[in-house]
Novice: 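Here it is: the structure, laid out below.
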Amino acid sequence: MAGREIPRPWRPLALAFLVVVALYAGMVLTRTFTPKLGLDLRGGTSVILTPRVAEGSGTVTRRALDQAVEIIRQRVNGLGVAESEVATEGNNIVISVPGAGQGEVVNLVGQTAQLRFRQVLQEAGPQPTTAPPAGSKAGGNGSVQQRFAQLDCRRPENRRGGGFDVPAPIAACNRDGTAKYVLGKAEVLGTSVRSAAANPTQNGVGWQVNLSFDGEGTKLFGALTQRVVGLPPPQNEVAIVLDGVVVSAPRIDEPILGGQAQITGRFTQKEAEDLASVLKYGALPLAFDRSEARSISPTLGSDQLRAGLLAGAIGMGLVVLYSILYYRGLALVAVLSLAASALVTWATVVLLGHTIGFTLTLAGIAGLIVAIGITADSFVVYFERLRDEVREGRTLRTAVERGWVRARRTVLSADFVSFLAAAVLYVLSVGSVRGFAFTLGLTTVVDVFIVFAVTKPVMTLLARTTFFGRGHRWSGLDPVRLGATRPLVATVGGARARAAREV
């Protein structure tokens, strides 16, 4: 073809081969050969949280419940748990997490996470006393003094938290059960926390959570630390209280006016990261009781998985059968394209499950089945353009290139629309619908790669063979059957100049 670059089909085919090898080498190196399955396919944990209203605060409002759902959903996403579901049932919140051993995730996302900063008024050992200590400076709150005297922090249930942490003075245990406190009223709330991050301590031993406050929080925290500086112990300490449990009670040696604070308490890395994740996404507006916890059996999921795979196999078989009956020899290109698409898609889904925690649900399988139609649509568009060129009497080598120039615009436009629809659906939807949108978008990208790296190069190579180049009646490119305006000119054996003249 004069003035045009000679096609080099081996280059894109080599690229496709290297991509497939790299993907499956990654599977071997990570020892991961099957995708992670979602809640509906492999079972998991489902927990129902029932809101608990503080005394005198009225009923549970829809606004507070919706806010709690959104915060819990953000926490789940922040922990990297894919394909989980957070929804409401009446006044309850249902959290469903795929896979076994996810109970700790459910516990974490359901924490009320009511963070409050309070002045320490009194401190004692963990054991209960028979009467309030003499000379108490806890204020005139007799009920707090009574609870402080009776509180036994050696008992795990008294340092588990989760109770309604009221803003008024309280008696509370620390996390490890070595001390108990009388704490003043809450002066800075967790809603004033702007960011939270887990970092190693300065001496490199253990972990801490670094907090930064918003403008109002900076002002309030600065005033609190200014007031307690210089007071006798333990009143010069500020307790960091999470869900009614003292996480840390550092001594304030100088006012903290810059809006930065640290939560220390001999955290492990995981404990610090979990706490930072909870605080980062805000405090829940409600406290919750776990009213029901159940494991979801994977038995039904296994049946659904088999049904989904069977549907995919039937769809693939029908596409191949249609290609053979209608396109005859061109069905070889269709089968190679479908096989390459299946290899790349499978490996990608497996590796995404290992790297980013993507889980495959039944809705995701539906997206993969739809992808068969997307791939079939691409090579059908190309084949029809190719046959149109042959009908006009052009040689197959010329038809392959001219038909490709026209077909690729249509293929790219159709795939762009599919990808855009998948992206919008992924952003606007929740739960398993996002799995469908994700696999649909993924397979659309794979389709573009396969069409450019496999379908077109293979067609270019086949055009150089006698069977296809001379338009054998079983090739699918028989000019007589297609009704060509003039006979197909053979291009086998170096008739490049003749093909160029026809262009």
Side-chain angles (χ1 to χ4, degrees), residues 7-38 41-42 79-83 98-101 302 305-306 308-310 312-313 315-317 319-320 332-376 378-379 411-412 415 418-419 422-423 426 434-462:
R8 294 179 172 84
W10 290 111
R11 291 182 179 179
L13 285 174
L15 174 62
F17 177 78
L18 291 176
V19 168
V20 172
V21 170
L23 288 173
Y24 282 84
M27 291 171 57
V28 172
L29 291 175
T30 59
R31 298 181 180 180
T32 308
F33 302 99
T34 57
K36 294 180 64 175
L37 301 180
L41 297 179
R42 64 167 173 155
L79 292 169
V81 182
E83 297 297 342
S302 299
L305 178 60
R306 283 191 293 269
L309 294 177
L310 179 61
M316 184 82 77
V319 170
V320 172
L332 175 63
V333 182
V335 171
L336 288 175
S337 299
L338 289 170
S341 178
L343 287 172
V344 172
T345 301
W346 178 263
T348 304
V349 169
V350 170
L351 291 177
L352 287 177
H354 177 76
T355 54
I356 66 173
F358 170 72
T359 55
L360 185 63
T361 63
L362 191 62
I365 292 178
L368 297 179
I369 295 174
V370 171
I372 299 174
I374 294 176
T375 303
S378 296
F379 64 67
V411 170
L412 288 174
D415 282 345
S418 295
F419 184 81
Y426 183 84
R434 300 187 77 189
F436 171 81
F438 185 89
T439 54
L440 180 62
L442 172 65
T443 50
T444 301
V445 174
V446 171
D447 176 63
V448 173
F449 173 74
I450 294 300
V451 169
F452 278 80
V454 177
T455 306
K456 196 274 178 179
V458 168
M459 196 64 243
T460 300
L461 290 176
L462 293 180

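Along the sequence shown, residues carry numbers from 1.
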Novice: Considering all heavy atoms of both residues, which atom of W346 and which atom of F33 are nearest to each other, and what is their separation?
Specialist: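 Taking W346 first and F33 second, the nearest heavy atoms are NE1-O, 3.6 Å.
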Novice: Evaluate V411 against F379 for side-chain contact (heavy atoms from CB on, under 4.5 Å), listing each step before the verdict.
Specialist: CA-CA 9 Å; V411 170; F379 64 67; over 6 Å; no
Novice: Measure across P12 and P457 and return the closest heavy-atom pair with its distance rounded to 0.1 Å.
Specialist: CG-CG, 3.4 Å
Novice: Is there a side-chain contact between T439 and L360 (heavy atoms, below 4.5 Å)?
Specialist: yes
Novice: Looking at T32 and T30, would you say the former's side chain and the latter's main chain have a donor-acceptor pair under 3.5 Å?
Specialist: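 Yes, T32 side chain to T30 backbone: donor-acceptor pair under 3.5 Å.
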Novice: So which of L462, V454, L461, L338 actually passes side-chain contact (heavy atoms from CB on, under 4.5 Å) with V333?
Specialist: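 By the side-chain contact (heavy atoms from CB on, under 4.5 Å) criterion, V333 pairs with just one of L462, V454, L461, L338: L462.
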Novice: Can you confirm whether V28 sits close enough to Y24 that some side-chain heavy atom of one is under 4.5 Å from a side-chain heavy atom of the other?
Specialist: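 No. Closest side-chain heavy atoms not under 4.5 Å.
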Novice: Would you name the heavy atoms of A453 and L13 that are closest together and state the gap between them?
Specialist: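 Closest approach of A453 to L13: O-CD2, 3.5 Å.
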Novice: To the nearest 0.5 Å, what is the distance between CG on L23 and CG on L351?
Specialist: 6.0 Å
Novice: Can you confirm whether V350 sits close enough to F358 that some side-chain heavy atom of one is under 4.5 Å from a side-chain heavy atom of the other?
Specialist: no
Novice: How many angstroms lie between CG in L15 and CZ in F452, if you round to the nearest 0.5 Å?
Specialist: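 That separation rounds to 12.5 Å.
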Novice: Would you give the length of the straight line joining atom OG1 of T443 to atom CD1 of I374, rounded to the nearest 0.5 angstrom?
Specialist: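 Those atoms lie 5.0 Å apart.
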Novice: I need the L440 CG to L368 CG distance, nearest 0.5 Å.
Specialist: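 Reported to 0.5 Å precision, the distance equals 9.5 Å.
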Novice: Please determine, by modelled atom types, if D415 and T444 share a side-chain donor-acceptor pair under 3.5 angstrom.
Specialist: no
Novice: I'd like to check F419 versus V448 (side-chain heavy atoms, cut-off strictly below 4.5 Å). Are they in contact?
Specialist: no
Novice: Measure the spacing between NZ of K36 and NE2 of H354 and express it to the nearest 0.5 Å.
Specialist: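 These two atoms lie 9.5 Å from each other.
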Novice: Would you say V19 and F449 make side-chain contact, with heavy atoms under 4.5 Å?
Specialist: yes
Novice: Find the distance between NZ (K456) and OG (S337) and round it off to the nearest 0.5 Å.
Specialist: 13.0 Å
Novice: Is it true that, when you exclude F17 itself, more than 12 heavy atoms of the residues, nucleotides or ligands shown sit nearer than 6.0 Å to its CZ?
Specialist: no
